[in-house]
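Every heavy atom of this structure was used, including side-chain atoms; hydrogens, water molecules and symmetry mates were not.
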Amino acid sequence: MCADNIYAIILAAGKGKRMGTHTNKQFLCINERPLLYYTVKAFSDNSLISKIIIVCSEDEIEYCEKEIVSKYGFEKVLSIVKGGVERQHSVYNGLIAAEGADIVLIHDGARPFASNTIIEDGIKYAKLYGASTCGVTPKDTIKIRDSEGFSLDTPDRNTLFSVQTPQCFKYNIIMESHSKIQMENINVTDDTMVVERYGHKVWLYQGSYENIKITTPEDLIIAERILAT
Ligand code: CTP
Ligand code: MG
């Protein structure tokens with residue numbers, strides 16, 4: 001039996017506005033290596049991943065090739081493609097480049113600590129159910145707020161799930177759903193929403209509190225601490 005083609009699409013085409021630095025956040029260093037290095041390494045080191053597609057801003061493709069892919073010898077990187085204005089456009093470009101994949105893992109470039117267990121569980125559940133994402137139970141109590149700013153409701157924390165990446169899919173399901181949503185011109189904040197819209201079920205599995213997304217400057221300090229453990 002042939003092994004599955006399992007591709008990781010790593011998204012690094014955002015602007016990093018909330019980080020507020022001149023250098024785009026995925027190229028900021030944690031312990032002397034760029035954030036994106038750790039993210040690519042996590043997938044590159046996993047033996048189930050066949051190929052990696054990196055999605056970057058057009059004007060950062062050359063830099064990414066030189067400072068990440070060549071410098072650290074990431075041979076699984078098949079291509080670096082340009083992103084789009086919104087995250088979903090970047091994903092779509094990544095999906096086009098991942099043609100031939102059986103399973104795709106879509107992952108935030110700004111999320112450097114995806115473990116082997118998280119990657120492998122995502123693949124397992126995507127094969128079983130067609131779509132899966134990791135995440136964690138929120139640590140805070142979550143409120144629903146009304147339009148005037150008052151609390152409307154307090155959902156039971158045990159039913160809530162704070163979604164992370166990787167989000168993992170059978171290629172045909174995610175490609176077909178993304179193509180449709182492009183036509184419909186609808187905005188989404190993650191990829192599970194895209195497949196849900198067209199009736200696909202998404203399995204939610206355990207991620208980790210260390211699988212953080214680097215968004216604001218204090219996240220860099222947390223990342224240094226995680227690396228030190
Ligand atoms: N991303 C992308 N293309 C976009 C927007 C986001 O590839 N048009 C990527 C980012 O590079 C990031 C991931 O999606 O790795 C998650 O997005 P987020 O953390 O919001 O990053 P940014 O959009 O770069 O940050 P900000 O929202 O603060 O500008
Ligand atoms: Mg953003």
### Task
Keeping to residues at least two apart or across chains, list the side-chain hydrogen bond (donor to acceptor under 3.5 Å, both in side chains) pairs with something in residues 130-141.
T133-Q167
Name the atoms and distances for all side-chain donor-acceptor pairs under 3.5 Å in residues 217-229, with sequence neighbours left out.
from: E218; atom 1: OE2; to: T216; atom 2: OG1; distance (Å): 3.1
from: D219; atom 1: OD2; to: T215; atom 2: N; distance (Å): 2.8
from: D219; atom 1: OD2; to: T216; atom 2: N; distance (Å): 2.9
from: D219; atom 1: OD2; to: T216; atom 2: OG1; distance (Å): 3.4
from: T229; atom 1: OG1; to: I226; atom 2: O; distance (Å): 2.6

### Query
Looking at residues at least two apart in the chain, or sitting in another chain, which of them share a ring-ring contact (aromatic ring centres under 6.0 Å, His included) with Y129?
W203
### Message
Looking at E148, is its backbone amide N or carbonyl O close enough to the side chain of D146 to form a donor-acceptor pair, meaning the two atoms are under 3.5 Å apart?
### Response
yes
#### Entry: Stepwise side-chain hydrogen bond (donor to acceptor under 3.5 Å, both in side chains) test for K143 and T154
CA-CA 5 Å; K143 293 275 190 190; T154 312; 2.8 Å; yes
### Task
Only counting residues at least two apart or in another chain, list the ones meeting side-chain contact (heavy atoms from CB on, under 4.5 Å) with K41.
Y37, D45, F74
### Query
Tracing side-chain links under 4.5 Å among I, L, V, M, F, W and Y, which residues wind up in one group with L152?
I144
### Query
Are the side chain of S90 and the backbone of A13 linked by a donor-acceptor contact shorter than 3.5 Å?
no
### Query
So, R87 and D190, do they make that salt bridge, N to O below 4.0 Å?
no
## Note on the structure
Residues passing the ring-ring contact (aromatic ring centres under 6.0 Å, His included) test with Y209, sequence neighbours excluded, are none
### Query
What residues, two or more places apart in sequence or in another chain, satisfy ring-ring contact (aromatic ring centres under 6.0 Å, His included) together with H107?
F43
### Nearest non-hydrogen partners of L105 and C168, listed with the distance
CG-SG, 3.6 Å
### Task
Look only at the side chain of N5 and the backbone of D102, and say whether a donor-acceptor pair between them is shorter than 3.5 Å.
no
### For Y38, all residues meeting ring-ring contact (aromatic ring centres under 6.0 Å, His included), sequence neighbours excluded
none
### Salt bridge K66-E62, side-chain N to carboxylate O under 4.0 Å
no
#### Entry: Side-chain hydrophobic cluster, 4.5 Å single linkage: members besides M183
none
### Task
Using atom types as modelled and distance alone, determine if a side-chain donor or acceptor of Q88 lies under 3.5 Å from a backbone N or O of V188.
yes
### Query
Taking only residues two or more places apart in sequence, or in another chain, which ones meet E184 in a salt bridge (charged side-chain N to carboxylate O under 4.0 Å, His left out)?
R197
#### Entry: Hydrophobic cluster partners of Y92 (side-chain heavy atoms under 4.5 Å)
Y7, I9, L11, I53, V55, L78, V81, V91, L95, I96, V104, I106, F161, V163, F169, Y171, I173, I174, M175, V195, V202, L204
### Check: I6 main-chain N/O paired with K51 side-chain donor or acceptor under 3.5 Å
no
### Task
List the steps and the verdict of salt bridge (Lys or Arg N to Asp or Glu O under 4.0 Å) for K127 and D4.
CA-CA 10 Å; K127 283 185 185 172; D4 286 322; 3.0 Å; yes
Solution key, residues 112-126 side-chain donor-acceptor pairs under 3.5 Å, sequence neighbours excluded:
from: S115; atom 1: OG; to: I118; atom 2: N; distance (Å): 3.1
from: N116; atom 1: OD1; to: N46; atom 2: ND2; distance (Å): 2.7
from: E120; atom 1: OE2; to: N46; atom 2: ND2; distance (Å): 3.0

